[in-house]
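Inspection log for the structure reproduced underneath, given as structure tokens.
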Amino acid sequence: MAPILQSLTTLPSYLLFAAVMLGFLMLFIVAYTAVTPYRDLALVRQGNTAAALTLGGAMIGFALPLMSVASHTTSLLDLGVWGVIALVSQIVAYVIGSRVLLPDFRAGVEADRTAYGVLLGSLSIAVGLLNYGSLTY
């Protein structure tokens, strides 16, 4: 029983980090959906696969660097700083993907062209993986 109780001594830190990361995820979803020219969640609710893939890929891409920071630090300040950087990098990835790679991106997502969602979702995950790798120290 003692090893279990000893393990639970880190429970408050876990709960704090989990709450902060979930808060950042909610903030990211609000920021990301504010930047896109269409109503992401409304399209997803209508069954639009392209919108679901872009939003889902962006959420994964955002969460990856947070996971890296959380596994390498005990500092909420570090988590906050890198959370903001991860958020900005995902917004930049969206802007580049939707304006440079696929200039007719809005129409493609609204028409539920799955390939558009796969490409932008994959770009978001790739950026998240690069951020994750850059934070491994």
Side-chain angles (χ1 to χ4, degrees):
M1 188 70 157
I4 293 172
L5 292 176
Q6 185 176 3
S7 292
L8 290 177
T9 60
T10 59
L11 182 61
S13 293
Y14 161 78
L15 293 173
L16 183 58
F17 264 69
V20 169
M21 288 192 292
L22 285 171
F24 260 112
L25 182 61
M26 294 298 114
L27 175 66
F28 172 74
I29 293 168
V30 168
Y32 185 86
T33 57
V35 170
T36 59
Y38 46 83
R39 297 189 54 202
D40 301 77
L41 296 174
L43 290 173
V44 170
R45 286 185 193 108
Q46 294 169 7
N48 185 305
T49 304
L53 288 167
T54 60
L55 181 58
M59 288 188 301
I60 293 168
F62 173 73
L64 284 165
L66 288 185
M67 185 178 84
S68 178
V69 172
S71 65
H72 291 98
T73 189
T74 58
S75 168
L76 285 175
L77 180 60
D78 285 349
L79 186 62
V81 167
W82 291 107
V84 170
I85 291 169
L87 187 148
V88 170
S89 70
Q90 285 299 317
I91 300 297
V92 169
Y94 167 77
V95 169
I96 291 170
S98 66
R99 301 222 169 94
V100 176
L101 296 177
L102 300 167
D104 62 338
F105 181 75
R106 178 181 182 171
V109 170
E110 289 176 339
D112 198 12
R113 293 188 195 129
T114 305
Y116 283 55
V118 170
L119 181 63
L120 192 62
S122 298
L123 176 64
S124 296
I125 293 169
V127 167
L129 285 168
L130 293 174
N131 284 337
Y132 178 94
S134 299
L135 290 166
T136 304
Y137 42 90

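Note on V20 and V84: same hydrophobic cluster, where clusters join Ile, Leu, Val, Met, Phe, Trp and Tyr whose side-chain heavy atoms are under 4.5 Å apart, directly or indirectly. Note on I85 and Y94: same hydrophobic cluster, where clusters join Ile, Leu, Val, Met, Phe, Trp and Tyr whose side-chain heavy atoms are under 4.5 Å apart, directly or indirectly. Grouping the Ile, Leu, Val, Met, Phe, Trp and Tyr side chains by contacts below 4.5 angstrom, directly or via other members, places L120 with L41. Two different hydrophobic clusters hold V118 and V100 under the rule that ILVMFWY side chains link at heavy-atom gaps under 4.5 Å. There is a path of hydrophobic side-chain contacts, each under 4.5 Å, that joins L79 to M26.
Note that the CD1 atom of I96 and the CD1 atom of I91 stand 12.0 Å from one another [nearest 0.5 Å]. A distance of 11.0 Å separates OG1 in T54 from CG in L102, rounded to the nearest 0.5 Å. The line from CG of L16 to CG of L76 is 4.5 Å long, rounded to the nearest 0.5 Å. Residue S71 holds its OG atom at 5.0 Å from OH of Y132, rounded to the nearest 0.5 Å. Expressed to the nearest 0.5 Å, how far CZ of R106 lies from OH of Y116 amounts to 14.5 Å. Expressed to the nearest 0.5 Å, how far CD1 of I29 lies from OH of Y32 amounts to 11.0 Å.
Residues passing the ring-ring contact (aromatic ring centres under 6.0 Å, His included) test with F17: none are found, sequence neighbours excluded.
Between F62 and F24, the ring planes lie tilted relative to each other; the angle falls in the 30° to 60° range.
Of all non-hydrogen atoms in L43 and A51, the two that sit nearest each other are CB-CB, 3.7 Å. Here the closest heavy-atom approach between residue N131 and residue P65 is recorded as CB-CG, 3.6 Å. Closest approach of V109 to N48, counting heavy atoms only: O-ND2, 2.7 Å. Minimum heavy-atom separation, G128 to L64: O-CB, 3.8 Å.
Q90 contributes a side-chain N or O that, together with a main-chain N or O of S124, makes up a donor-acceptor pair within less than 3.5 Å. In terms of modelled atom types and a separation under 3.5 Å, the side chain of S89 and the main chain of A86 share a donor-acceptor contact. Side-chain atoms of T73 do not come within 3.5 Å of backbone N or O of A70 as any donor-acceptor pair. Of the possible polar contacts, none joining the D104 side chain to the A107 backbone as a donor-acceptor pair under 3.5 Å is found.
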